[in-house]
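When a ligand or atom number is given, it counts from 1 through the structure's own listing order.
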Amino acid sequence: APPAIIAPSILSANFANLGHDCSKKIEQGADWLHVDIMDGHFVPNMTIGCPVVSQIRGCVDRPSEPCGRGTFDCHMMIMEPHKWVREFKNAGCDLYCFHYEAAVSSVAATEPADKETTARTSPKQLIKYIHEEGMQAGIAIKPDTPVDVLWDIVESEDPAERPDMVLVMTVHPGFGGQKFMASELPKVAALRERYPDLNIEVDGGLGLGTIDQAADAGANVIVAGSAVFGAQDPADVIAKLREAVQK
Ligand code: DX5
Ligand code: ZN
């Protein structure tokens, strides 16, 4: 499997101290920052938008290579994810991870006028558009979505339409601090069996009590919000999460 990547979710940071909290987590050994974007429609909660992302970008060094330290992993829990690709690129997002459920539009585009319009029509087109805009692309599935919908996308004939990462949600998206759903791990195992080199991210309820199950299933990108930000010693938790994935 690819290397372990630990991505603290800044949803559990102190938002009055966000820049400091973000740079601190990188100092404490985090690889990426997981930035949860919620629009109050796709999920019943709202968080931050581009202006805030762009300001915290100024507090954390840019990654020197794709997937490198300091990567901003933006988890887009929003409707119409094609509409925000350029803005998030400009704000400093490195990996734009949209939800499959939000990208499957019931409206078929007629005579697409531009790339953004085309990107509305299918997850594959959206991935291609994200790549053209210079970011890595991730695709996320909620607990109610079967993993099978991803095969055709991950195995797309055109490499530009293939995601760099798949995110399997292990809670219903919307809030930090929820209980881990082990029921989602067979999806991770099925993905890992098919794709030995794919970055597979898990998000929701991950901590020292649940990491072993997720790692055994094959996850290598670990999001942890409350478990890292709520810890007495976040550096120790980050190190232990990493060890659990690597062993
Ligand atoms: C939930 C978010 C998660 C959340 C994880 O909708 O996508 O990233 O912050 O928080 P914990 O690790 O506390 O479950
Ligand atoms: Zn998330």
Applying the side chain to side chain contact (heavy atoms under 4.5 Å, CB included) criterion to V202, which one of V221, L167, V188 satisfies it?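 Exactly one pass, corresponding to V188.
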Just one of M77, E101, M38, Q178 clears the side chain to side chain contact (heavy atoms under 4.5 Å, CB included) bar with P173, so which one?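 When M77, E101, M38, Q178 are each tested with P173, the side chain to side chain contact (heavy atoms under 4.5 Å, CB included) holds only for M77.
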Give the numbers and elements of all ligand 1 atoms closer than 4.0 Å to a heavy atom of [X].
X    : result
A224 : 12 (O)
S9   : 4 (C), 8 (O), 9 (O)
H75  : 7 (O)
G204 : 14 (O)
S226 : 11 (P), 12 (O), 13 (O)
P173 : 6 (O)
H34  : 8 (O)
G177 : 10 (O), 11 (P), 13 (O), 14 (O)

Spatial distance of atom CZ (F98) from atom CD1 (I139) [nearest 0.5 Å]: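 Going from CZ on F98 over to CD1 on I139, the span is 4.0 Å.
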Euclidean distance, E161 CD relative to S122 OG, rounded to 0.5 Å: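 Output value for this atom pair is 7.0 Å.
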Side-chain ion pair, [X] and [Y], N-O less than 4.0 Å:
X    : Y    : answer
K247 : D212 : yes
R62  : D94  : yes
R86  : E116 : no
K124 : D158 : no

Looking only at protein heavy atoms, which one is nearest to [atom], and what is the separation?
atom                    : result
atom 12 (O) of ligand 1 : G225 N, 2.7 Å
atom 1 (C) of ligand 1  : F175 O, 3.4 Å
atom 14 (O) of ligand 1 : G205 N, 2.8 Å
atom 3 (C) of ligand 1  : D203 OD1, 3.0 Å
atom 10 (O) of ligand 1 : G176 CA, 3.5 Å
atom 2 (C) of ligand 1  : D36 OD1, 3.5 Å
atom 6 (O) of ligand 1  : G174 N, 2.7 Å

Nearer than 2.8 Å to the Zn ion (ligand 2), the protein contributes N, O or S atoms numbering 4
Verify, without hydrogens or angle tests, whether R69 (side chain) and A30 (backbone) share a donor-acceptor contact under 3.5 angstrom.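 Yes: the side chain of R69 pairs with the backbone of A30.
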Determine, stepwise, if the pair I37 / F88 fulfils side-chain contact (heavy atoms from CB on, under 4.5 Å). CA-CA 11 Å; I37 308 298; F88 272 76; 3.7 Å; yes
Can you list every ring pair (Phe, Tyr, Trp, His ring centres under 6.0 Å) pair that touches residues 17-55, not counting sequence neighbours?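 For residues 17-55: H34-H75, F42-H99.
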Does at least one non-hydrogen atom of A227 fall below 4.0 angstrom from an atom of ligand 1? no
Is the closest heavy atom of H172 to ligand 1 under 4.0 Å? no
F229 ring centre to K25 NZ or CZ under 6.0 Å, with the angle to the axis within 45°? yes
Do M77 and ligand 1 have an N or O pair less than 3.5 Å apart?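 In fact, backbone or side chain, M77 has no N or O that close.
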Is it the case that more than 12 heavy atoms not belonging to D61 sit under 6.0 Å from its CG atom? no
Side-chain heavy-atom pair V228, S12 within 4.5 angstrom cut-off: no
Where do A231 and V237 come nearest, in terms of heavy atoms and distance? CB-CG2, 3.6 Å
